[in-house]
Amino acid sequence: MDLQGFQPCFYCFEYNKVATDYPINNAMYNREKFTPRCFLHWQYECSKCGKMTHFNGIAWCSDCKEFTCLFCADEKMVRKEFLIYDYYYEIPCHKCNNLNSALDFAEYNGEHPFQIGNLQPEEEIVVWMPIYKKEIEPQEFPHKASGFERVCSLGRPVDFKKLDSLEEYDPKSVWDALAPSWAPVFGIGGDFHHKNLILPHVFKMINAQQDERILDVACGEGNVARNLAKSGAKITGIDVSKMVDFAIEREKKDKLGITYLKLYAEELMSKFGSNSFDKVVCNMALMDIEDCKTTIENISNVLKEKGIFVFSITHPAYAWPACTTLRVPKDSQRNEDKLRVVIDYFDERPTLIHYGLEAPILQFQRPISSYLNELVKNNLILLEMIEPKASEELIEKFPRDAYMEYDRFPDILVVKTIKRSDF
Ligand SMILES: [Zn+2]
Ligand SMILES: [Zn+2]
Ligand SMILES: [Zn+2]
């Protein structure tokens, strides 16, 4: 890197994107980091504690000619959209106690000590005068986007989009589009996750027995149903997408006595009635189902007393869509260069995720508590919960999938419950 030449200040550069007349100053500080900053956007010395503080955490009192940092006084938050932000701090002056806005908003408001002539910059910088505020472009995602996008720009994030409505996409059409490429993967037992991290736990928890009536909700192309049928249990699989067409075709060829139906999980009660099944399994599907509440309610209703319900989902806290994965550098093939970044654990809007397949995947983010509370509400008692961790064996066999990855955080949550008989 040429440390002598011009390097744009990160803040000047970001502000310039929204305020077209904003001058871009040379970054004198933090030049080797990913947020190089100019003198104006560096740090200021608090007149009380003497410490240097980032310009967004310190305020100037033009009456007392003093700086006060937010470590020396109790700041207040003011919600207002300006530049790339949607709030700023007001900090009481340590001398007169009057509230002054932190220097980010002060600059926007034309009250920065360099703008009003209270102080002279010690380095050569062009100071913006906000006389053309009308020309500032409104920001769709204020400060939220700027921090997150900045971090994501370091690496290779997965392409995703939060949807405000399901007008364009719905779970059925998404799975219809994915069926031709996904069905063959499950035809041979599933991908790495299903084979090694999910299904061994699901099968153990369900513990299918001869003649038991077991319902497979959102059975897809029948991988789970076929495995359970080998025990002699009577399996019914339901699914709405074209995935189930593959299951029906396969059953015609290799008869295991499985009944497949094209049915929404929300329609279970009207189809089967209460106390119809000994066990219900729902493998890697609840996070793809729009109405999870009705689905769990229906599952509980069709289940006999003391019946078992087992489900697996992508981990609500550590997997998509709560988190994204970054690789820094983008093209690194080593897992220590992969990071998980939380997007928004509480954002329950549907998320469209492009993994580079034929069609995007549609997922519904829900906090762990909303799954658990739904179980409680429907008389399903928690018996066991597993967050699969990659074993040494698995790491030996699949280092690129498992090492410094699934031995560090869970990608999956597997839950076993029993229906109460005393309510
Ligand atoms: Zn700057
Ligand atoms: Zn201070
Ligand atoms: Zn003051």
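All residue numbers in this chain count up from 1 along the given sequence. Order of listing sets the numbers, starting from 1, for every ligand and every atom in it.
His41 pairs in a ring pair (Phe, Tyr, Trp, His ring centres under 6.0 Å) with only one of the listed residues (Phe13, Phe114, Phe55), which is Phe55.
Using cut-offs of 30° and 60° on the angle between ring planes, the pair Tyr22 and Trp128 is tilted.
A donor-acceptor contact closer than 3.5 angstrom links the side chains of Asp411 and His193. A donor-acceptor contact under 3.5 angstrom links the side chains of Lys162 and Thr351, judged on distance only. A donor atom on one side chain and an acceptor atom on the other are not found under 3.5 Å apart for Asn100 and Trp60. With hydrogens and angles left out, the side-chain atoms of Asp337 and Ser332 include a donor and acceptor closer than 3.5 Å.
Seen from the Zn ion (ligand 2), atom SG on Cys72 and atom SG on Cys49 lie at an angle near 100° (rounded to 10 degrees). Here the angle centred on the Zn ion (ligand 3), running from SG of Cys61 over to SG of Cys93, is 110°, rounded to 10°.
For the Zn ion (ligand 1), the nearby protein N/O/S atoms, meaning those under 2.8 Å, are Cys9 SG, Cys12 SG, Cys38 SG, His41 ND1.
The Zn ion (ligand 3) has no N, O or S atom of His94 under 2.8 Å away, backbone or side chain.
Salt bridge status for Lys262 with Glu267: absent, with no side-chain N to carboxylate O gap under 4.0 Å.
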